[in-house]
2 protein chains.
Amino acid sequence: MAEKVTIATVARHARVSRQTVSNVLNAPHIVRQETRQRVEDAINALGYRANQAARQMRTGRSRLIAARIEPTRDGINGSVLDRFLHGLTETADAAGYRVLLYTATDDEREIATYGDLLGTYELDAFVLVGTKYGDPRTQWLADRDVPFVTFGRPWDALDAHPWVDVDGAAGTAQATRRLLDAGHRRIAFIGWPVGSGVGDDRRAGWRDTLHAAGVDPTGLHRETEDGIAEGERLMRDLLVAVAPSAVVCASDSLALGALQAIRGVDPSVSVIGFDDTPVAAAVGLTSVSQPLGEAAARCVDLLTGVLDGDHETPSPVLLQPSLALRHTA
Amino acid sequence: MAEKVTIATVARHARVSRQTVSNVLNAPHIVRQETRQRVEDAINALGYRANQAARQMRTGRSRLIAARIEPTRDGINGSVLDRFLHGLTETADAAGYRVLLYTATDDEREIATYGDLLGTYELDAFVLVGTKYGDPRTQWLADRDVPFVTFGRPWDALDAHPWVDVDGAAGTAQATRRLLDAGHRRIAFIGWPVGSGVGDDRRAGWRDTLHAAGVDPTGLHRETEDGIAEGERLMRDLLVAVAPSAVVCASDSLALGALQAIRGVDPSVSVIGFDDTPVAAAVGLTSVSQPLGEAAARCVDLLTGVLDGDHETPSPVLLQPSLALRHTA
DNA sequence: AGGCAGGATTGGATCGTTCAAGTTTCTGGA
DNA sequence: TCCAGAAACTTGAACGATCCAATCCTGCCT
């Protein structure tokens, strides 16, 4: 068994001091070209890799980013997180960071986990997926000057932190516009109860687009918790009450329910969902697609910006969704 | 800003030496009850947490487990990995380990990543999801005595390493038996091309169950790559060729395709999928459900067994799937 | 009272890296 | 040729935990 290769091994091999090797790695410009080459050759020849634990001990930085993996709630939207995490891992990797997973069942436990991760692993930053009004997590992190980014904008105007989000209103607006262009006028909306930032945003895109087109949206929308059964129930209600020719939904779950409601009653009704989940792709549901890979990449960008220098809060990023056209609209 | 709490701070506060604090943490039984209590009180009062980097430097162990997050291929089966990862994170957490993510586009790059992760982060172990015949990854890890577990059994009989798997044959057998009990006799199977361990296993469960029931399975099965379109195509073919009254599929994607094929032709045909993905739940598809949380937990069990003592290779674990009954069968 | 065994406690060394300060080498101008 | 000043490189110390070996108690026996 070959002995462990440390910075001292490399130094001896290249006939320089440890510090010079360290400089080649961390500040190449201050080392003479010729020396640098010799050190780099030694590094390659020996297969040396800087020990992260030792580096961390001195610098206090772990090059680790924490992300939460949630229990897939209804299952359908779970894959959104999945794709986001994949993008995050990929981009973080390229920037020299690694992603560490954690779970927590509620906000309180999640905050306790923050303390644990920061204390024992000295995590460099957190990525929070999903935010709500008065989120205690962002408050806690901000109070302690822990770098973090949220995927999802802060719905309380007051706290300003770096965030990346997808413009939900633009997504539903795009969906609504497409339906208008196809000649629809009675375009309904099935969304979430008033008060959730994301839900209100998505409804606004639909409402404003109808207004702009001179269509009165009154009575054309319904609210419920997320779920297939809920979507089906509300769609039946809408069919009876206002007989819409199309419907835009705040999620693929709701849209799937709506599809089941129209089947057998009036299959000509157009349906558009939100999130472009695998389920949508599977059943041919047209859906608003979020650029998750891009979102993840921008999260990493913001974080590395904060971590590697910039002291000022970077500007937030609002990405535009696109419409994945299939045969339901 | 309060200064950093180290083991020395705790020692001073509890009026003992650093070593005693360390003993309370790592070998509580050798410390007198009264002293231990005093130290624990100090730890809680100060909110002390052992610095992982420093510990790792001395012990050479990171308490980090690596898991790969794949780009969700067709999207449908992606959530299987998602749920597995969640379980892994939860169980690892309870055992004092954390999960680090990595990605790689092919085997060669994945192996390069192993070297990197081992060299810089001194990872304790790897969890590999999915294995194939002659997998170069397991070979590489085994050659270097790196602890690892695979979720998916080794299909080459030769190499023996700890693994956890779900009995696919038992799953399809259960599905087939249910269909037989319901009176079906012409039970078809849509699976993957011969040569993939998982696919052959799932087909065997169907075939053997039919044999045992005295039904000849000849001509009742079809093979293709995974995908909804492929499933639909083969189901149409089966309907024309042998007019089955039920079909068992190797995946939910294939099953979904099959469902689309029978719709309008003969909706009375029963369909059973595999993996119990969100899509199955959404469309009411009966599907074989893998105990993913349990599988993840057993993976962690095996790893901690190897890491915390046991030098002998632990015995593999084969879990039994269950049937998630919905209205397609 | 003295001695002894055994466990509990202590100080010093160590892991591999980077920081801070020191020393040598090089460069160019008088 | 000499020297100032910069550039290049070297040395010692520190990060915070654990391991090791030495010392200190404590209770018990003679």
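Nothing here was measured: the structure is a model prediction, and the numbers come from that model.
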Give a yes or no on whether the backbone of [Y] and the side-chain of [X] come within a donor-acceptor separation of less than 3.5 Å.
X        : Y        : answer
B:Asp156 : B:Gly134 : yes
B:Thr304 : B:Val300 : yes
A:Arg55  : A:Ser62  : no
A:Thr103 : A:Ile69  : no
A:Gln56  : A:Tyr121 : yes

Where chain B begins and ends its contact with DNA chain D, read 5' to 3' at 4.0 Å from heavy atoms: D:dG16 to D:dC20
Crowding at CD, B:Gln320 (>12 non-hydrogen neighbours, <6.0 Å): yes
Nearest-0.5 Å distance that lies between atom CG in A:Asp93 and atom CZ in A:Arg98: 4.0 Å
Global bending angle along the helix from C:dA1-D:dT30 to C:dA30-D:dT1, which compares the axes of five pairs at either end, to 10 degrees: 60°
Nearest-angstrom distance from the residue atom OH of B:Tyr121 to P of C:dG16: 18 Å
Sequence neighbours excluded, every pair satisfying ring pair (Phe, Tyr, Trp, His ring centres under 6.0 Å) that has a member inside residues 12-54 of chain A: none
Stretch residues 6-32 of chain A: residues that reach within less than 4.0 Å of DNA chain D through a heavy atom: A:Val16, A:Ser17, A:Arg18, A:Gln19, A:Thr20, A:Ile30, A:Val31, A:Arg32
Contacting residues from residues 51-65 of chain B, given that a heavy atom lies under 4.0 angstrom of DNA chain D: B:Asn51, B:Ala54, B:Arg55, B:Met57, B:Arg58, B:Thr59
For B:Leu303 against B:Pro147, the heavy-atom pair lying closest together: CD2-C, 4.4 Å
Minimal non-hydrogen separation, A:Leu307 against A:Ala125, with atom names: CD1-CB, 4.3 Å
Parallel, tilted or perpendicular: rings of A:Tyr102 and A:Phe126 (30°, 60°): perpendicular
Ring-face cation of A:Arg63 near A:Tyr97 (centre distance under 6.0 Å, axis angle within 45°): yes
Sugar-phosphate, base or nothing in reach of B:Arg49, heavy atoms under 4.0 Å: sugar-phosphate
Residue list, side-chain hydrogen bond (donor to acceptor under 3.5 Å, both in side chains) with B:Arg38, at least two apart or on another chain: none
